Number of protein chains: 2
Amino acid sequence: MQTKAVEDYLKAIYELQAEGGKVSTTSLSERLSVAPASVTGMAKKLAKMKLVVHEPYQGVELTPAGEKIALEVIRHHRLVESYLAEALGVPWDKVHEEADQWEHVLSEEMEDLMDDKLGYPTSDPHGAPIPARDGTMPKADLRRLSELEAGETAVIAEVSDHDAELLRYLGELGIFPHVEVRVISSAPFEGPVTIRINGDEHALGREVAGYILVGSLR
Amino acid sequence: MQTKAVEDYLKAIYELQAEGGKVSTTSLSERLSVAPASVTGMAKKLAKMKLVVHEPYQGVELTPAGEKIALEVIRHHRLVESYLAEALGVPWDKVHEEADQWEHVLSEEMEDLMDDKLGYPTSDPHGAPIPARDGTMPKADLRRLSELEAGETAVIAEVSDHDAELLRYLGELGIFPHVEVRVISSAPFEGPVTIRINGDEHALGREVAGYILVGSLR
DNA sequence: ACCAAAAATTAGGCTTGCCTAAATCTAGAA
DNA sequence: TTCTAGATTTAGGCAAGCCTAATTTTTGGT
């Protein structure tokens with residue numbers, strides 16, 4: 001069993017690694033709200049534990065052992081998110097914060113019971129995939145909503161949960177996973193993307209549209 | 001917000017205090033599986049925080065402020081126990097251990113949601129009373145099963161949850177809160193107590209019978 | 001190719017909470 | 001009343017993780 005801190009670092013490294021190779025000290029320090037020096041310290045510790053490879057001044061990268069643990073933590077996190085939303089009716093902009101606490105105290109038995117109750121979900125309330133118990137991560141190929149051309153139609157697949165405020169805003173607009181969306185226009189020069197969803201049209205900032213991942217229809 | 005350690009100490013002090021005035025360093029060190037010297041250290045810290053009164057060499061006692069926090073922690077603990085048993089079907093000999101972890105990460109919102117789902121229970125799966133949000137603790141006057149005379153009939157009110165093994169044993173015998181029990185005989189010299197419950201007779205060791213609290217019929 | 005700014009690491013400290021060993025206090029038995 | 005065994009506290013340390021300040025390495029612009 002790992003400490004909370006170790007689990008948090010591994011999860012953060014996994015997630016940052018997904019957006020491009022090695023993970024820098026700075027990006028981790030921002031993600032975890034911790035001083036860069038603290039990250040270096042933990043990087044050395046994790047390296048000694050063989051959970052990451054740490055090339056000084058070059059960043060860290062998970063080893064297979066580290067990735068395994070990261071996926072377990074992420075599975076806990078996303079199952080808890082799903083459970084909170086489904087069973088307790090917690091609004092989707094709050095499940096992330098709660099799950100950040102719960103993920104560290106969830107025993108395997110509780111995890112299994114929640115998984116049973118939920119009917120073995122494969123994605124959380126934000127559409128993020130839930131790793132299977134064996135560490136398999138369902139992988140779809142998705143595009144950012146901001147990359148679609150005018151006229152294209154797609155299905156919302158996943159929404160970034162990094163900002164509760166944003167989730168609340170998207171929720172008001174009806175932007176949830178599994179909902180169909182059509183791009184009406186996409187302004188040039190990093191301009192807004194206008195979409196039609198549930199019969200309504202909305203203009204989204206380019207950055208916001210970048211936080212929304214979509215898959216092809218069907 | 002208190003640290004996990006502070007919450008654990010306050011809860012333990014509350015529970016030990018219920019069985020007789022001031023709480024000794026030794027009893028706390030045993031309850032928390034910690035060295036006596038560590039207890040002294042924490043006692044001083046809690047005293048400085050005005051959560052306990054610490055008379056050196058004489059033990060500690062909760063202040064009103066300390067008791068308030070203790071009751072909040074106990075409320076969390078027992079609501080979680082109830083929730084786990086009710087909503088997730090966790091067997092009663094396992095809820096305590098899980099709740100010990102969960103009690104520290106439960107936000108007020110989650111507590112309220114669980115409370116709603118459960119219909120505002122007043123006791124946990126072991127029959128222990130759940131403090132109200134305002135800190136009011138329902139108090140019944142109970143006797144130990146070991147104190148009943150032969151021929152007396154009563155209702156199981158509460159069973160000690162300090163030992164999972166014991167709970168499993170009692171569960172097999174059908175000894176749960178709200179079940180009616182009749183004392184058939186009570187052997188002298190600390191001998192066993194024979195009871196009839198659900199139509200079956202069982203002989204219980206005196207110590208075991210002491211862990212079972214009963215209330216009068218009706 | 002150089003040099004300054006940015007990034008990362010090292011050095012030194014702090015807090016929390018735990019430990020063991022040694023010293024001190026208390027209380028019960030003789 | 002005294003003395004000793006048990007309980008408690010003090011003293012000194014350790015591990016995790018965090019911090020700031022100082023130093024070192026990397027990198028991008030000229």
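Worth knowing before you read on, the calculation uses all heavy atoms, side chains too, and leaves out hydrogens, waters and symmetry mates. All values reported here derive from a predicted model rather than from experimental measurement. Residue numbers begin at 1 in each chain, while the letters A, B, ... track the order of the sequences.
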Q) Going by the angle between their ring planes, with limits at 30° and 60°, are B/H96 and B/H77 parallel, tilted or perpendicular? A) perpendicular
Q) Which of residues 1-17 of chain A sit near DNA chain C, with a heavy atom under 4.0 Å from it? A) none
N/O donor-acceptor pairs under 3.5 Å from side chains in residues 31-54 of chain A, not counting sequence neighbours:
from	atom 1	to	atom 2	distance (Å)
A/R31	NH1	A/E15	OE1	2.7
A/T40	OG1	A/P36	O	3.4

Q: Ignoring hydrogens and angles, tell me if any N or O in the side chain of B/R75 forms a donor-acceptor pair with the backbone of B/P131 under 3.5 Å.
A: yes
Q) To the nearest angstrom, how far is B/H104 atom NE2 from C/dG17 atom P? A) 12 Å
Q.
A/V105: which residues meet the side-chain contact (heavy atoms from CB on, under 4.5 Å) condition with it, sequence neighbours left out?
A. B/Q101, B/W102, B/V105
**Q.** Any residue meeting side-chain contact (heavy atoms from CB on, under 4.5 Å) with A/R168, in chain and number order, not counting sequence neighbours
**A.** A/D93, A/A164, A/E165
Q.
For nucleotides 2-15 of chain C, give me one character per nucleotide, 5' to 3': B if any protein heavy atom sits under 4.0 Å from the base, S if the only such contacts are to the sugar-phosphate, - if neither.
A. -----SSBB-----
Q | Side-chain donor/acceptor of B/H126 to backbone N/O of B/W92, under 3.5 Å | A | yes
Q: Mind calculating the distance between NZ (B/K22) and P (C/dA27) to the nearest angstrom?
A: 10 Å
Q: Just jot down the side-chain contact (heavy atoms from CB on, under 4.5 Å) partners of A/T122, sequence neighbours excluded, or say none.
A: none
Q.
Is it the case that the side chain of A/Q17 and the backbone of A/E61 share a donor-acceptor pair, with hydrogens and angles ignored and the cut-off at 3.5 Å?
A. no
